[in-house]
Structures are given as C-alpha cells and as structure tokens.
Amino acid sequence: MLVDNNPGVLSRISGLFSRRGYSIDSITAGMTADPRFTRITVVSSGDELILSQIEKQVRKLEDVVDIKVLKDGESVYRELIMVKLRANAAQRGEIISVADIFRAKIVDVEKDSLIVELTGTQSKLEAFLNLLKGYEILELARTGITGLSRGSSDVAYL
C-alpha cells in the first residue's frame, strides 16, 4: 500500500489489524522515491473473504493513498536476512562456499565470526538456513517480505 508519510501511520495500520483480529505475518515500510509517501507491504493470511475485508478496512484509513494486492506471478517479492555465525578459520571457508552457492555476501569477518547477507524469496532463505544448521548461529535478523507488481500498467502516479 502507498500511504502519506505521516507520523504514526504504521501504528494506525497495525492497530487496525490488531483491533479486527487479523494476523500480520510480515510488515515492512520505507519511504518511496517521493518523500511524501511511504510504501508498506503487509503479508497476511486468510481466506478470500478475510483478505477482502482487510483490504476494505485499510482502504478507509485517512493516510492510505493506494492499495495493490500483489499476486503470485504478477509480482516480485524479496526478503533480506543477515546471519552472524561462529566460525573458526577452518569453518570460514565452508561457510563462504555455501554463501557463494546462494549468491550471498559476506559483509563482516572477525576472527571468531562472520556475518552473511542474503536477499531472495522465503524458500531461498529457508534453504540457505537449512544448510547452515551444522554451524552455530549467534544472531539472525530478517526484514520481512517486500514486493512490487511487475510492469508499469498499475503504477499510481500522484
């Protein structure tokens, strides 16, 4: 959804979900190319009726400018994950090899640990984490899903 970049807008949107008893699986927000607007991506689950109700309720909020439902095949979704792993000199090479397979980046290296950054679909991130099960994960951070529809036919020009 595209919303006015006003203080508290994310709180009002998440509050609506909470008050109505809708679950939020993932929520991301960030300023757009136009600083007057913020793009918020909410991933929620439910049947068609529930998702339709969510859309109708969110559309009523004052700060909401536009809403798009991102559909499989018609949209691009990504998530970012950063993983800090304990790694001695011998393990470091193994971890880097796994990271290379997934086109992940090593963004920090210390003598006893390293941080790997990976962007991709949820299934790609899960596959990557499964291959890291033999290593000690010290910290893990995920951004949540964000996405855009393909093409330019449904772009909201404001």
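- Remark: Lys84 pairs with Glu139 by the side-chain hydrogen bond (donor to acceptor under 3.5 Å, both in side chains) rule, at least two apart or across chains.
- Closest approach of Leu51 to Gly46, counting heavy atoms only: CD1-O, 3.6 Å.
- In this structure, the side chain of Ser26 engages the main chain of Ile145 through a donor-acceptor pair within 3.5 Å.
- Here the side chain of Arg92 pairs a donor or acceptor atom with the backbone of Lys111 at under 3.5 angstrom.
- With sequence neighbours excluded, no residue forms a side-chain hydrogen bond (donor to acceptor under 3.5 Å, both in side chains) with Thr28.
- At distances below 3.5 Å, at least one donor-acceptor pair connects side-chain atoms of Asn88 with backbone N or O atoms of Gln91.
- Remark: side-chain polar atoms of Ser18 are not paired, donor with acceptor, to backbone N or O of Ser14 under 3.5 angstrom.
- Through side-chain heavy atoms spaced under 4.5 Å, either directly or across other Ile, Leu, Val, Met, Phe, Trp or Tyr residues, Val76 is tied to no other residue.
- The shortest non-hydrogen separation linking Asp4 to Val9 is O-CG1, 3.9 Å.
- Every residue meeting the salt bridge (Lys or Arg N to Asp or Glu O under 4.0 Å) condition with Glu136, not counting sequence neighbours, appears here in chain and number order: Arg86.
- Salt-bridge check for Asp63 with Arg12: passed, with a basic side-chain N closer than 4.0 Å to an acidic carboxylate O.
- With hydrogens and angles disregarded, a donor-acceptor distance shorter than 3.5 Å links the side chain of Arg19 to the backbone of Gly15.
- Rounded to the nearest 0.5 Å, atoms CD1 (Ile137) and CG (Leu132) are 5.5 Å apart.
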Name the atoms and distances for all side-chain donor-acceptor pairs under 3.5 Å in residues 116-123, with sequence neighbours left out.
unit_1 : atom_1 : unit_2 : atom_2 : d
Thr121 : OG1    : Ser123 : OG     : 3.2
Thr121 : OG1    : Lys124 : N      : 3.3

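- Contacts of Arg142 classified as salt bridge (Lys or Arg N to Asp or Glu O under 4.0 Å), with partners at least two apart in sequence or in another chain: Glu79, Glu126.
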